Amino acid sequence: MTVRTRYAPSPTGIPHLGNLRTALFDYLLARHFGGQFVLRIEDTDQTRYSPEAVGGLIESLRWLGIEHDEGPDVGGPYAPYTQSERLDLYRAAAERLLAQGDAYECWCSSQRLDEVRADQQRRKVPPGYDRRCRDEAGQAAARKEAEDEGRGCVVRFKTPLAGEVAFADAIHGVTMFNLATLDDFVMLKSDGFPTYHLAYIVDDEAMKITHVLRGDEWIPSAPRHMLIYRALGIEPPVIAHVPRVLGPDGAKLSKRHGATSVFEYRDQGYLPEALFNFLGLVGWSLDDKTEIISKAQFIEHFTLDRVVKSPAVFNVEKLQWMNGVYIREVVPADQLVELFAERLDRDLSPSIPRPIDRGLVARIAPLIRERIKVLAEVPDYCDFFFTDDLHYSVEELLGKAHKNDPSGAKAALEASAGAVGGVATWTHDALEAAFRALAESLGAKAGDLFSLVRVAVTGRRVTPPLFESMEILGKARCEARLRGAIAKLS
RNA sequence: GGCGCGUUCGUCUAGCGGCCCAGGACAUCGCCCUCUCAAGGCGGAGAUCGCGGGUUCGAAUCCCGCACGCGCUACCA
């Protein structure tokens with residue numbers, strides 16, 4: 001039997017990192033066993049449905065590199081993969097349960113349900129449906145009221161009043177649940193849509209899903225699911241409740257914690273490979289030391305028994321570090337050049353002509369790849385290569401060293417312009433030698449001179465190595481910029 | 001209120017009876033390197049393994065209580 005897993009999000013908004021981590025585990029598990037990973041859209045709640053969400057879901061999986069084998073966009077042998085298109089299946093299952101006596105129609109109004117619940121809370125008894133429609137007399141009365149008011153009915157599962165159900169979880173082990181604590185839950189809503197409980201079971205069975213991974217907030221409803229499996233004569237799949245991903249304050253990850261959608265990370269310049277790596281290590285680990293791990297290695301080693309039970313706080317700082325590692329050590333140089341170029345095309349001032357010169361980016365990339373953690377930092381590090389329109393103040397130019405000595409700075413810049421003119425071979429080594437000699441003859445500290453020249457040539461106080469930058473800029477531009485700085489001090 | 005899940009450095013984690021007076025990583029601190037910023041190297045601090053009982057020659061690891069946190073308790077997933 002081939003392993004089949006599925007990611008079954010409900011399209012209610014932008015895909016969330018916590019959910020995506022579960023999708024990632026689903027994907028890794030399927031690939032590890034050479035099986036399939038399917039995407040299924042659980043749009044059974046019409047009130048929360050958001051049409052753009054499906055596209056976002058697919059795009060976020062695609063970007064992260066979690067490719068699905070079957071789904072609403074790519075089809076597959078068990079189509080359709082959208083629950084709203086499979087309504088007859090759930091209805092048939094509900095009718096079968098009805099016919100078997102494992103379910104019953106409930107005609108109670110939501111208003112009455114609210115009253116019952118309020119009353120139970122007041123009396124401090126466990127809330128739950130009072131089973132009015134479970135017996136014929138109650139049901140008949142409720143049905144009469146409902147028909148007078150033109151309401152429809154829901155289908156509820158007829159939970160055994162006593163006894164126990166065992167539930168075996170691949171991560172948490174076996175738990176026994178007392179049926180007396182469970183009420184008769186709704187499986188089919190009055191609008192004809194199923195609830196999650198019925199829908200996922202019917203679909204997983206139809207789609208031959210062998211492993212169900214979901215957040216551990218689902219543990220409490222697992223016993224209901226066991227009841228449905230049994231009533232429908234379905235052998236339950238392996239079910240694993242994975243730990244949730246929390247925000248820094250220990251609360252469930254939400255908008256309040258800043259970026260929670262992959263798109264925000266993508267826009268800030270996180271690499272999908274890095275996020276994949278990072279996400280794969282929240283709640284799972286290979287051993288006691290592995291941090292940087294490729295997709296292939298994940299697939300080779302991922303198993304459920306190394307998934308932890310406790311929830312994890314999403315540690316953005318570590319993600320940032322990891323992204324830096326990918327930028328400077330993992331991503332191939334040519335790919336990095338393209339990433340940098342795309343970033344510059346997008347973020348550099350519109351006054352700068354497009355497209356950005358890839359050849360130039362290729363020369364700059366080695367200089368900045370080891371100084372940034374996210375792509376968003378790229379433009380600030382190298383915009384001066386692409387424009388001669390530098391903006392810096394006299395204060396920035398003088399810095400601390402020449403703060404009270406503008407004339408000295410001016411003299412040093414003039415000497416620098418001269419030195420640039422005298423450099424025979426335009427290489428960073430020759431430049432550095434020339435400027436060190438100049439500093440000495442000026443009786444200045446090399447660092448002070450370099451800072452001055454740095455601002456003059458780049459317009460910034462923080463840049464890639466000065467002489468490498470100058471080498472790329474070329475003699476003419478460096479000279480012109482030094483003259484510009486001198487003019488600024490005149 | 002009921003039911004359930006969880007609990008190892010600030011954070012992510014290793015650990016599945018002796019190798020642990022607990023290892024790695026991020027963050028943090030110090031030193032080195034250094035033209036700025038990074039990167040890198042070295043080193044430090046940081047966990048009474050939630051608490052209390054057992055079991056055992058021996059427990060972070062097994063058992064039982066308790067505490068705390070979280071979740072579920074919808075015609076939401």
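As the structure is a prediction and not an experimental result, all values here were calculated from the model. Chain letters run A, B, ... following the sequence lines, proteins first and then strands; every chain starts at 1.
Look at A:R328 and you'll find a side-chain N or O under 4.0 angstrom from OP1 or OP2 of B:G40. OP1 or OP2 of B:G4 has not a single side-chain nitrogen or oxygen of A:T175 nearer than 4.0 Å.
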Exercise. Once each nucleotide of nucleotides 66-77 of chain B is scored for protein heavy atoms under 4.0 Å, what B/S/- sequence comes out, 5' to 3'?
Worked result: ----SBSSSBBB
Seminar exercise, completed: Readout for nucleotides 6-12 of chain B: B = base within 4.0 Å of protein heavy atom, S = sugar-phosphate only, - = neither; 5' to 3' it is SS---BB
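The side chain of A:V462 has B:C37 as its nearest neighbour among B:C37, B:U13, B:A38. Here the nucleotide nearest the side chain of A:K124, chosen from B:G1, B:C37, B:G40, is B:G1.
With ring centers used as reference points, A:F450 lies under 6.0 Å from A:F467. Residues A:Y129 and A:F157 keep their aromatic ring centres 6.0 Å or farther apart.
At the heavy-atom level, A:Y381 lies under 4.0 Å from base atoms of the strands shown. A:V453 comes within contact range of no nucleotide atom at all, as no heavy-atom separation falls under 4.0 Å.
Counting heavy atoms from C-beta on, the side chains of A:V420 and A:W426 come closer than 4.5 Å. In this structure, A:V361 and A:F386 have side chains that are in contact, with non-hydrogen atoms separated by less than 4.5 Å.
Atom OH of residue A:Y270 and atom CG of residue A:L275 lie 9.0 Å apart, to the nearest 0.5 angstrom.
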For this session: Could you walk me through whether A:D380 and A:R460 pass salt bridge (Lys or Arg N to Asp or Glu O under 4.0 Å), step by step?
Result: CA-CA 9 Å; A:D380 277 353; A:R460 293 182 176 276; 3.5 Å; yes
Exercise. Does the side chain to side chain donor-acceptor pair (under 3.5 Å) test come out yes or no for A:T181 and A:N178, once each step is laid out?
Worked result: CA-CA 6 Å; A:T181 63; A:N178 183 181; 5.7 Å; no
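B:C51 and B:A67: their P atoms are spaced 15 Å apart (whole Å). Only the P atoms considered, B:G52 is 36 Å distant from B:G30, to the nearest whole Å. If you take atom P in B:C26 and the same atom in B:C42, they sit 12 Å apart, rounded to whole Å. Comparing B:A59 with B:G18, their P atoms sit 11 Å apart, to the nearest whole Å. B:A14 and B:G54 have their P atoms separated by 30 Å, with the value rounded to a whole Å. Nucleotides B:A22 and B:A45 have their P atoms positioned 12 Å apart, rounded to a whole Å. Comparing B:G50 with B:G6, their C1' atoms are spaced 11 Å from each other, to the whole Å. Rounded to whole Å, the separation between the C1' atoms of B:C63 and B:U28 comes to 40 Å.
With a 3.5 Å ceiling on both atom-pair distances, the Watson-Crick or G-U wobble partner of B:G18 is B:C57. Base pairing analysis places B:A25 opposite B:U11; the two distances defining the Watson-Crick or G-U wobble pair are each below 3.5 Å. Base pairing of B:C31: its partner is B:G41, meeting the Watson-Crick or G-U wobble criterion (both donor-acceptor distances under 3.5 Å). Summarising the base pairing, B:U48 is matched to no nucleotide, lacking a Watson-Crick or G-U wobble pair whose two defining distances lie under 3.5 Å. Across every strand in view, B:C72 sits in a pair with B:G2 that passes the Watson-Crick or G-U test at under 3.5 angstrom.
Under the side chain to side chain donor-acceptor pair (under 3.5 Å) criterion, the residue pairs touching residues 432-444 of chain A are A:E432-A:R436, with sequence neighbours excluded. Applying the salt bridge (Lys or Arg N to Asp or Glu O under 4.0 Å) test to pairs two or more places apart or on separate chains, those with a residue in residues 311-324 of chain A are A:E291-A:K318. Judged as a ring-ring contact (aromatic ring centres under 6.0 Å, His included), the pairs with a partner in residues 159-183 of chain A (not counting sequence neighbours) are, in order, A:F167-A:H241. Residue pairs meeting the salt bridge (Lys or Arg N to Asp or Glu O under 4.0 Å) criterion with at least one partner in residues 169-192 of chain A, sequence neighbours excluded, are A:R131-A:D184, A:R134-A:D184, A:D183-A:R224.
A straight line from NZ of A:K373 to C1' of B:A27 spans 11 Å, rounded to a whole angstrom. When the P atom of B:A38 is taken as reference, atom CD1 of A:I364 falls 20 Å away, rounded to whole Å. In this structure, CD of A:Q320 is placed 15 Å from C1' of B:A39, rounded to the nearest angstrom. The nearest whole Å value for the distance from the CZ atom in A:F167 to the P atom in B:C5 is 10 Å. With rounding to whole Å, A:D380 atom CG is found 14 Å from B:A38 atom P. Rounded to whole Å, atom C1' of B:G24 lies 13 Å from atom CZ of A:R306. Taking atom CE of residue A:M322 and atom P of nucleotide B:U13, one finds them 12 Å apart after rounding to whole Å. The interatomic distance linking A:L367 (CG) with B:A38 (P) rounds to 16 Å, in whole Å.
Applying the salt bridge (Lys or Arg N to Asp or Glu O under 4.0 Å) test to A:R214 and every residue at least two apart in sequence or in another chain returns nothing. The side-chain contact (heavy atoms from CB on, under 4.5 Å) test applied to A:A103 returns A:L97, A:L98, A:V155, A:M187, not counting sequence neighbours. By the salt bridge (Lys or Arg N to Asp or Glu O under 4.0 Å) test, A:E273 is found to be paired with no residue, residues two or more places apart in sequence or in another chain being considered. Every residue meeting the ring pair (Phe, Tyr, Trp, His ring centres under 6.0 Å) condition with A:W284, not counting sequence neighbours, appears here in chain and number order: A:F298, A:F302.
Comparing A:R371 and A:I219 along RNA chain B, the residue whose closest nucleotide (by nearest heavy atom) sits nearer the 5' end is A:I219.
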Would you tabulate the nitrogen or oxygen pairs shorter than 3.5 Å linking the protein to nucleotides 21-23 of chain B?
unit_1: B:G23; atom_1: N2; unit_2: A:D288; atom_2: O; d: 3.2

Extract from the structure each pairing of a protein N or O with an N or O of nucleotides 30-35 of chain B at less than 3.5 Å, listing the distance.
unit_1: B:C35; atom_1: OP1; unit_2: A:R436; atom_2: NH2; d: 2.2
unit_1: B:C35; atom_1: O2'; unit_2: A:R454; atom_2: NH2; d: 3.1
unit_1: B:C35; atom_1: O2; unit_2: A:R454; atom_2: NH2; d: 2.4
unit_1: B:C35; atom_1: N3; unit_2: A:L466; atom_2: N; d: 3.3

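Counting non-hydrogen atoms of other residues, nucleotides and ligands closer than 6.0 Å to NZ of A:K144 gives a total of 12 or fewer.
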